[in-house]
Amino acid sequence: MDPKLGRMMLKEWVAIESDSVQPVPRFRRELFRMMAVAADTLQRLGARVTSVDMGSQQLPDGQSLPIPPVILAELGNDPTKGTVCFYGHLDVQPADQGDGWLTDPYVLTEVDGKLYGRGATDNKGPVLAWINAVSAFRALEQDLPVNIKFIIEGMEEAGSVALEELVEKEKNRFFSGVDYIVISDNLWISQRKPAITYGTRGNSYFTVEVKCRDQDFHSGTFGGILHEPMADLVALLGSLVDSSGHILVPGIYDEVAPLTEEEINTYKAIHLDLEEYRNSSRVEKFLFDTKEEILMHLWRYPSLSIHGIEGAFDEPGAKTVIPGQVIGKFSIRLVPHMNVSVVEKQVTRHLEDVFSTRNSSNKMVVSMTLGLHPWIANINDTQYLAAKRAIRTVFGTEPDMIRDGSTIPIAKMFQEIVHKSVVLIPLGAVDDGEHSQNEKINRWNYIEGTKLFAAFFLEMAQLH
Ligand SMILES: NCCCC(=O)N[C@@H](Cc1c[nH]cn1)C(=O)O
Ligand SMILES: [Zn+2]
Ligand SMILES: [Zn+2]
């Protein structure tokens, strides 16, 4: 694969504003264009491509928006070879240059060997690295060592809308011949040391609405005589987690898997330069001071994050408003063996209890809008061994065996529905800034990642 061509394709893909988070028609059109471009790229590689119509999405405000198609693609159908299925997504998080991007987020820009652009690392770059690896075999006129399938979606950042139904439907068709599933949608925990990921946290996302009326108030005319919705909401949100990060919802830690000595040793074995980690994250001090505590609180303990308040006055200036209704948003990252519906009940009961102590005349409604399960794999499965060998070949080092604090919903779905081994092979560096301003992928990671995936095909062929 010519690196120039690989970079040009990434530039073309990053230029498509395939934002799935903001539910507006313009971005949906971009998503459809993105999926069409990817389908065409795979077809030109000789893949049999199906673009599956996913219907439409009903939004809470009554709007309906079309869901971009999911691409199912197949290369090779040799029954003597193993079949590796790669999952990726081509939608991105919102990006606005005014939010602190140093370059236009939709123009891939190289600075000091770093390729900046929304989706560069999450997840357009890695999807292209897989495609580049396949085209390298094509360019060398070599047979692919394994059969390859691609499932590529366009709604991951919005919670993989309707994907579970599709996986269920395709269980005995597209997935019937699949032996192994690979995902490259997370990052290493270092700048230069590659990693293999064997677990992710889940996520339960909540909204808590507090309503007095559906219009705002003047605080001079009403301030002092109202139960203010924002005051109720701030108290509710303030009751969720303490200043050391401990979640205050009763019972929430009950099902967390007990910590074993063997597990502690796995954290000890990981090389994490805390100084580098702090610097690359530009955080002066974390809640914890040791590598082991930091890894455990990212991977094997739940965490609660408060994300925002809809309806709050958040503009510059001094508007003297009392919002009439506000919606707080927070989520809890779940770990083995926490259960989504138990967590939903615990959180709802806790918020109801806190709200009742305020004797407020406002109405409170708690909803869990997303319930994504945690995932953990068996690291002795064949493809873990193949990935390790491929990393040794390309990078000349042993990988870090890591888990990920974020959520890749499809990993658990594949495990539960398709019953095949899933591995995450990340190729981005720790400071790539997924979801953040100035997201990038290092040119080195993109190129070595492409080699890694090609080496992985060869190792899979040997071990299958
Ligand atoms: N490093 C892995 C990136 C995957 C990712 O960011 N997933 C989202 C999925 C999600 C969870 N809740 C809503 N969407 C994440 O925030 O973890
Ligand atoms: Zn992603
Ligand atoms: Zn993402």
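Ligands are counted one by one from 1 in listed order, and the atoms in each one are counted from 1 as well.
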Colleague: For E284, is there an ion pair with R278 - N to carboxylate O distance below 4.0 angstrom?
Modeller: no
Colleague: Taking heavy atoms and a distance under 4.0 Å, where does H89 meet ligand 1: side chain, backbone, both or neither?
Modeller: neither
Colleague: Does K149 use its side chain to pair, donor to acceptor, with the backbone of L75 at less than 3.5 Å?
Modeller: no
Colleague: So if I count the atoms of ligand 1 from 1 in the order they appear, which ones are less than 4.0 Å from some heavy atom of S406?
Modeller: 1 (N), 2 (C), 3 (C), 17 (O)
Colleague: Under 3.5 Å, side chain of R28 to main-chain N/O of I67, donor-acceptor pair present?
Modeller: no
Colleague: Classify the contact between L372 and ligand 1 as side chain, backbone, both or neither, using a heavy-atom distance cut-off of under 4.0 Å.
Modeller: side chain
Colleague: Number the atoms of ligand 1 from 1 as they appear, then name those within less than 4.0 Å of a heavy atom of E434, with their elements.
Modeller: 1 (N), 2 (C), 3 (C)
Colleague: Which salt bridge (Lys or Arg N to Asp or Glu O under 4.0 Å) pairs, counting each pair once, include a residue from residues 414-428, with sequence neighbours left out?
Modeller: K412-E416
Colleague: Side-chain contact, heavy-atom cut-off 4.5 Å: Q437 with L102?
Modeller: no
Colleague: Which one of T407, V21, T121 has a non-hydrogen atom at the shortest distance from atom 4 (C) of ligand 1?
Modeller: T407
Colleague: Quick one: does ligand 1 sit under 4.0 Å from the side chain of D404, the backbone, both or neither, non-hydrogen atoms only?
Modeller: side chain
Colleague: Using 30° and 60° as the class limits, which term best fits the ring planes of Y87 and F414: parallel, tilted or perpendicular?
Modeller: perpendicular
Colleague: Are more than 12 heavy atoms from other residues, nucleotides or ligands located less than 6.0 Å from atom CG of D112?
Modeller: no
Colleague: Identify the closest protein heavy atom to atom 13 (C) of ligand 1: which residue and atom is it, and at what distance?
Modeller: L370 CD1, 3.4 Å
Colleague: Can you classify the ring geometry of F86 versus F150 as parallel (below 30°), tilted (30 to 60°) or perpendicular (above 60°)?
Modeller: perpendicular
Colleague: Y277 vs F286 aromatic rings, parallel, tilted or perpendicular, using cut-offs 30° and 60°?
Modeller: tilted
Colleague: Report yes or no: is the cationic atom of K193 (NZ for Lys, CZ for Arg) closer than 6.0 Å to the six-membered ring centre of F395, at no more than 45° off its axis?
Modeller: no
Colleague: Just to be sure I read this right, does ligand 1 sit under 4.0 Å from the backbone of N203, its side chain, both, or neither, counting only heavy atoms?
Modeller: side chain
Colleague: Considering non-hydrogen atoms of the protein only, which is the closest contact for atom 16 (O) of ligand 1, and what is the distance?
Modeller: R333 NH2, 2.9 Å
Colleague: Any heavy atom of R201 closer to ligand 1 than 4.0 angstrom?
Modeller: no
Colleague: Determine whether the side chain, the backbone, both or neither of L187 has a heavy atom under 4.0 Å from any heavy atom of ligand 1.
Modeller: neither
Colleague: Are the aromatic rings of Y106 and W13 close, with centres under 6.0 Å apart?
Modeller: no
Colleague: Please identify which atoms of ligand 1 are closer than 4.0 Å to at least one heavy atom of N186.
Modeller: 1 (N), 2 (C)
Colleague: By number and element, which atoms of ligand 1 are closer than 4.0 Å to a non-hydrogen atom of H435?
Modeller: 6 (O)
Colleague: Between R403 and W375, is NZ or CZ placed under 6.0 angstrom from the six-membered ring centre and within 45° of the ring axis?
Modeller: no
Colleague: Please write down residue, atom name and distance for the protein heavy atom closest to atom 3 (C) of ligand 1.
Modeller: D185 O, 3.4 Å
Colleague: Taking 4.0 angstrom as the limit, do R118 and D122 come out as a salt bridge?
Modeller: no
Colleague: Taking 2.8 Å as the limit, list every protein N, O or S atom around the Zn ion (ligand 2), by chain and residue number.
Modeller: H89 NE2, D122 OD1, D185 OD1, D185 OD2
